[in-house]
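Numbering of residues begins at 1 and proceeds along the displayed sequence. Everything numeric in this text was worked out from a predicted model, so none of it was measured.
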Amino acid sequence: LLLLLPLAAIMSSTDLQRLLQRATPRIEDVRSPDRTDIIRREHGHLTLREIVDAIDALEFSADTFVEVFGSMPESKEEEKPTAVHGAFRALSGVKFLSPELQEPSAPASSSSSTEEADGEGNEEAALAAKTSGAGFFKEKDFVKAEAAYTEVIKNLPKGHADLAAAYSNRCAARLQCDRALEALSDARRCVELKPEWPKAHFRAGTALRQLGFYCEACAAFRAGKALEPDNKDWDKELEKTSLQRSTFKPALARQLMLWLLPEFLWAWARGKDETGVLQVQLNADLKELGRPKWRAVREGEKMPTATTRYAFCSRKDYLSNLTGVMQKPVKEVGIVDISGKSLKIAEISSFFQENPNCAYLHLDVRCGSPDKLVAILVAVPCDAMVQSFFASKKEPEAPK
């Protein structure tokens, strides 16, 4: 059972605008503590690690950061980029080899407009069916309510002012009957007929969430919130959707990428081979590693500690080593993906070739089993702009 905790700032573009200001180099003149003098302070760029920490402090998940910042005009203003832009470019471009880690998209639905009456229709019959539908819904007889609202739609002519409400009502009945895909079709028609109506977007978001299309569900709820910015119920729906989404493997994997993004990318870039592969072994479960730190703090729990091991090698050596491990497995290297499917060298090689200008990562983590590692293959954009926001680190002395 998901418990709705106090609402966070996970959907606030205002907070990201403030973060952009902090991340932009600037000069500030401030008064001294005794207010007798002016002190000039120069602020340089924040680093990628500082931005990731700030994103967590603002209680954004990886997904909400990408979606909210991506909707802001500032995300496209890269003439003077900041580390916020760098984090966005990397995270929004993350690609996983495993289909199970890819965010699903809602399928296109057939138009419901073909059900609407041609000509003048029969408004008297529509009104009677609407009254019956409301009664059935109140009695929780959702099957009969759905049938009644279908009659409403069939008796209303195209363009009638009551059609949007009829589709909205039938959508609600279908959701109660676990017919979410058909409900989504009704919700889309409702939005098409009356895009300025907040409830139309609520119906769409609810249907999309029930189907597990969380990214599009959040977009629908944000569209509704834009129409009713003072209605706090939209924040509750977004929080509910975010909580449900956070337990699924794609969200867990993206959250892991956010939290360790600076270290992953710096270690890969340090290899100085644009086609090389960084292998990382994380001795912890994905369910723990993929939970936002701020959520753990809220729930009074600690983030897991995990031994992390890095190894960088050329792509040729990586594929050769992985081939050998697949022939003679060792417990330190994962040879199956998140769904338990065996890795295939040809697929991995094609995946890397299809995603140029990226950091290539092979992450080994536990996923439900304490004794078995699974492999997560990732390509992350890591161009010169992203790398310019790495924190300066002192290289260790070469071994003697």
Side-chain angles (χ1 to χ4, degrees), residues 11 105-242 244:
M11 292 155 285
S105 297
S109 52
S110 58
S111 175
S112 302
S113 62
T114 55
E115 298 180 67
E116 297 159 21
D118 293 319
E120 295 182 359
N122 188 335
E123 292 193 37
E124 187 176 338
L127 180 58
K130 178 182 176 182
T131 303
S132 298
F136 290 135
F137 204 98
K138 188 175 181 179
E139 295 168 2
K140 300 188 184 302
D141 191 337
F142 302 114
V143 173
K144 289 184 178 179
E146 189 269 345
Y149 289 127
T150 298
E151 287 301 309
V152 176
I153 293 167
K154 287 181 177 180
N155 283 285
L156 289 177
K158 288 181 171 61
H160 195 282
D162 291 342
L163 269 173
Y167 279 110
S168 173
N169 291 334
R170 189 172 71 169
C171 173
R174 285 178 165 179
L175 285 171
Q176 293 293 336
C177 295
D178 290 326
R179 295 167 60 184
L181 197 56
E182 294 167 281
L184 176 59
S185 178
D186 284 349
R188 284 171 167 167
R189 179 60 177 155
C190 187
V191 172
E192 183 181 353
L193 289 167
K194 204 170 181 180
E196 74 283 1
W197 191 28
K199 183 177 279 190
H201 299 281
F202 171 76
R203 295 292 189 218
T206 305
L208 287 161
R209 181 173 61 202
Q210 190 163 318
L211 288 164
F213 302 120
Y214 298 110
C215 178
E216 290 156 286
C218 286
F221 289 132
R222 289 193 185 101
K225 182 179 179 179
L227 295 169
E228 292 184 312
D230 296 328
N231 187 343
K232 300 303 180 183
D233 287 341
W234 294 109
D235 290 336
K236 294 177 182 178
E237 295 300 330
L238 282 161
E239 177 74 356
K240 180 179 179 180
T241 307
S242 178
Q244 290 186 13

How would you list, by chain and number, every residue that makes a side-chain hydrogen bond (donor to acceptor under 3.5 Å, both in side chains) with Glu123, sequence neighbours excluded?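 Partners of Glu123 under the side-chain hydrogen bond (donor to acceptor under 3.5 Å, both in side chains) test: His160.
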Using salt bridge (charged side-chain N to carboxylate O under 4.0 Å, His left out) as the criterion, list what pairs up with Asp162, not counting sequence neighbours.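 Testing Asp162 for salt bridge (charged side-chain N to carboxylate O under 4.0 Å, His left out), a comparison that skips the adjacent residues, returns none.
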Salt bridge present between Arg189 and Glu115 (N-O < 4.0 angstrom):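 Salt bridge: no.
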In Å and rounded to the nearest 0.5 Å, what is the [atom1] to [atom2] distance from [X] to [Y]?
| X | Y | atom1 | atom2 | value |
| --- | --- | --- | --- | --- |
| Arg170 | Ser185 | CZ | OG | 7.5 Å |
| Asp235 | Ser242 | CG | OG | 12.0 Å |
| Lys236 | Leu238 | NZ | CG | 12.5 Å |

Evaluate side chain to side chain contact (heavy atoms under 4.5 Å, CB included) for Tyr167 paired with Glu116, printing each intermediate quantity in order. CA-CA 11 Å; Tyr167 279 110; Glu116 297 159 21; 2.8 Å; yes
Non-hydrogen side-chain atoms of Glu151 and Lys154 separated by less than 4.5 Å: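 Side chain of Glu151 against side chain of Lys154, heavy atoms only: contact under 4.5 Å found.
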Can you sort out the partners of Tyr214 under ring pair (Phe, Tyr, Trp, His ring centres under 6.0 Å), two or more places apart, ordered by chain and number?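 Ring pair (Phe, Tyr, Trp, His ring centres under 6.0 Å) list for Tyr214, sorted by chain: Phe248.
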Quick one: side chains of residues 130-145, donor-acceptor pairs under 3.5 Å with protein atoms, not counting sequence neighbours, listed by atom name and distance.
from   : atom 1 : to     : atom 2 : distance (Å)
Thr131 : OG1    : Leu127 : O      : 3.0
Ser132 : OG     : Ala128 : O      : 3.1
Asp141 : OD1    : Lys144 : N      : 3.4

Return a table of donor-acceptor pairs under 3.5 angstrom between the side chains of residues 196-213 and protein atoms on other chains or two or more places apart.
from   : atom 1 : to     : atom 2 : distance (Å)
His201 : NE2    : Pro195 : O      : 2.8
Arg203 : NE     : Ser168 : O      : 3.2
Arg203 : NE     : Ser168 : OG     : 2.9
Thr206 : OG1    : Phe202 : O      : 2.8
Arg209 : NH1    : Glu237 : O      : 3.3
Arg209 : NH1    : Glu237 : OE1    : 2.9
Arg209 : NH1    : Thr241 : OG1    : 3.1
Arg209 : NH2    : Glu237 : OE1    : 2.9
Gln210 : NE2    : Leu175 : O      : 3.3

Test applied, side-chain contact (heavy atoms from CB on, under 4.5 Å); reference residue, Asp186; option that passes from Arg179, Arg174, Glu146: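 Between Asp186 and the candidates, side-chain contact (heavy atoms from CB on, under 4.5 Å) is satisfied uniquely by Arg174.
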